[in-house]
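This is a predicted model, so every value here is computed, not measured.
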Amino acid sequence: MRAPRPLNHRPGSRFSGPCHAHALAPLPWRPLTFTPDLDALAPDTQVHVSPIYLAGPGSRTPVLDVLDNAPGWTRTVPFDDTDTYFTSPCQRVRIANTANSRFGGWTITYAEDPLGVPDWITTFDRNTPQEIVAGFASTLVDSLPSNFRDYFSGGPHYTGDGHEGVLRRHNWELVRGSRPYWNISPDGHAGVRTRSGWVHEYDELISPANSMWRMSAGVEPRLTPSWRAYLTRTTLPHLRAAAANVITSNDAVLRRVEEIPELHRTLVHVRLAGTQPNIPLNRAALARSPHSSPVRTPQTTPAPSAPTPQRGRSRRQR
């Protein structure tokens, strides 16, 4: 007597043979029972959401925790209590969280000359998931005391990674033949754009849209993204890698149902809070670096010819 076919069997489907049985296994963080109908839950119900880049901005708490606990950093809140500003002890890094600017969100600048023109600017708009900002800020705070030398070639925390290596290890697809160039996530809902053509460095500083790199996500991340982050071409590789480490993470983040963007609700994986412990991502980027994580994804050995970043001079001296 012929054995009955499994319920999910379709002739010619990728699940029709035993060699593809692993495709049915859930990801490690997923529960056995999903809650796909978010409309059936109360708006204030807390849920764990993945992927991070579709979870919505969430609370500023992860970023504030990083910066408020950074030794020597100062926090300033103007009298109207709508904007928040942070300054590093060396005065070279300034971070602004502005409510009413064009992009909103967080703007992070570094200037070798504290009173000069910034050497690089990174902008996360108001809809960027805060865990991505926290990962970038955490690595920035950790690497600033050595003026980034610990993360340069020969330093104790040097990995040779930029964001491209991180994306490649997580199977993001390089779209060849396109200009600008894109790396697209496996689900097609997040991307990193590399600008083609020459743009003067000051034009990058004046307008975030001219930046060398743009990270974005949404139903169509290239044309109609839900959020954008801009990184100028002199943004250091280990900081770009820090943001990429969070974007490519499979970890779930905590959100209220009402915080998940309407357009993303059919694209995310959700489980009720409390079914499994949540993994904090405030220092997710550092947790994936070799000096702080005993288990990590094998990294590509950097090419010998890769240029070594050097401590830059201020623009006033150039």
Side-chain angles (χ1 to χ4, degrees), residues 26-30 48-58 62-63 66 122 124-125 127-140 142 151 157 159-175 181-194 212-222 225-231 235-255 261 264 267-270 278-302:
L27 293 175
W29 64 267
R30 294 184 187 175
H48 295 308
V49 187
S50 181
I52 294 170
Y53 49 76
L54 295 177
V63 187
V66 169
T122 295
F124 300 93
D125 75 12
N127 294 319
T128 305
Q130 297 298 287
E131 291 81 6
I132 298 173
V133 186
F136 185 99
S138 181
T139 302
L140 173 62
D142 188 72
Y151 286 77
H157 303 324
T159 65
D161 250 347
H163 69 273
E164 299 92 344
V166 175
L167 300 177
R168 185 166 54 249
R169 286 199 306 274
H170 288 84
N171 300 317
W172 284 44
E173 180 183 0
L174 176 62
V175 181
Y181 303 100
W182 283 90
N183 283 274
I184 302 297
S185 63
D187 67 1
H189 297 304
V192 177
R193 182 212 70 189
T194 301
M212 174 66 77
W213 294 286
R214 188 191 91 181
M215 299 180 175
S216 55
V219 177
E220 215 311 318
R222 288 181 283 186
S226 300
W227 62 265
R228 302 174 180 88
Y230 297 100
L231 303 89
T235 304
L236 297 175
H238 73 283
L239 298 177
R240 291 186 270 119
N245 272 325
V246 182
I247 292 175
T248 57
S249 171
N250 287 327
D251 295 340
V253 294
L254 194 64
R255 294 288 189 271
H264 298 179
L267 306 176
V268 295
H269 302 288
V270 177
N278 193 35
I279 301 174
L281 291 173
N282 291 7
R283 300 184 64 82
L286 291 179
R288 289 173 173 78
S289 61
H291 63 280
S292 60
S293 178
V295 179
R296 61 185 177 93
T297 305
Q299 298 186 1
T300 305
T301 302

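- In this structure, the side chains of Ile184 and Trp172 stay at 4.5 Å or more apart for every pair of heavy atoms.
- Panel note: side chain Ser50, backbone Ile52; no donor-acceptor pair is recorded below 3.5 Å.
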For a side chain to side chain contact (heavy atoms under 4.5 Å, CB included) check, start with the C-alpha distance between Val175 and Arg222, then their side-chain angles and the critical distance, and finish with the verdict.
CA-CA 12 Å; Val175 181; Arg222 288 181 283 186; 4.2 Å; yes

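- Contact annotation: the side chain of His163 never approaches that of Asn183 to less than 4.5 Å [non-hydrogen atoms, C-beta and beyond].
- The aromatic rings of Tyr151 and His238 sit parallel to each other, their planes meeting at less than 30°, with 60° as the upper class boundary.
- We find the OG1-OH distance between Thr122 and Tyr230 to be 13.0 Å, quoted to the nearest 0.5 Å.
- Here CH2 of Trp227 is found 7.5 Å from CE of Met215. Values are rounded to the nearest 0.5 Å.
- Screening Ser226, Ser185, Ser249 for a side-chain contact (heavy atoms from CB on, under 4.5 Å) with Tyr53, the sole residue that qualifies is Ser185.
- A 4.5 Å side-chain heavy-atom check between Pro51 and Asp187 finds at least one atom pair inside the cut-off.
- Annotation: side chain of Tyr181 is not in contact with side chain of Val192 (no heavy-atom distance under 4.5 Å).
- Here Asp125 pairs with Thr128 under the side chain to side chain donor-acceptor pair (under 3.5 Å) rule; sequence neighbours left out.
- Counting heavy atoms from C-beta on, the side chains of Val270 and His48 never come closer than 4.5 Å.
- Looking at residues two or more places apart in sequence or on another chain, you find a salt bridge (charged side-chain N to carboxylate O under 4.0 Å, His left out) between Arg255 and Glu131.
- Atoms CG and NE2, on Leu267 and His189 in that order, are 4.5 Å from each other to the nearest 0.5 Å.
- Summarising the geometry of Leu167 relative to Ala244, their closest heavy-atom pair is CD2-CB, 4.4 Å, with the distance given to 0.1 Å.
- Leu231 CG to Thr194 OG1: the interatomic distance, rounded to the nearest 0.5 Å, is 10.5 Å.
- Between Pro221 and Arg214, the shortest heavy-atom contact is O-NH2, 2.9 Å.
- Taken from CG in Asn245 to OG1 in Thr159, the straight-line distance is 8.5 Å, to the nearest 0.5 Å.
- The shortest heavy-atom contact between Leu54 and Ala217 is CD2-CB, 4.5 Å.
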Residue pair His170, Asn250: steps toward the side chain to side chain contact (heavy atoms under 4.5 Å, CB included) verdict
CA-CA 10 Å; His170 288 84; Asn250 287 327; 5.8 Å; no

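- To the nearest 0.5 Å, atoms CD (Glu173) and CZ (Arg168) are separated by 14.0 Å.
- By the 4.5 Å heavy-atom criterion applied to side chains, Ile132 and Phe124 are counted as neighbours.
- Residues passing the salt bridge (charged side-chain N to carboxylate O under 4.0 Å, His left out) test with Arg240 are Glu164, sequence neighbours excluded.
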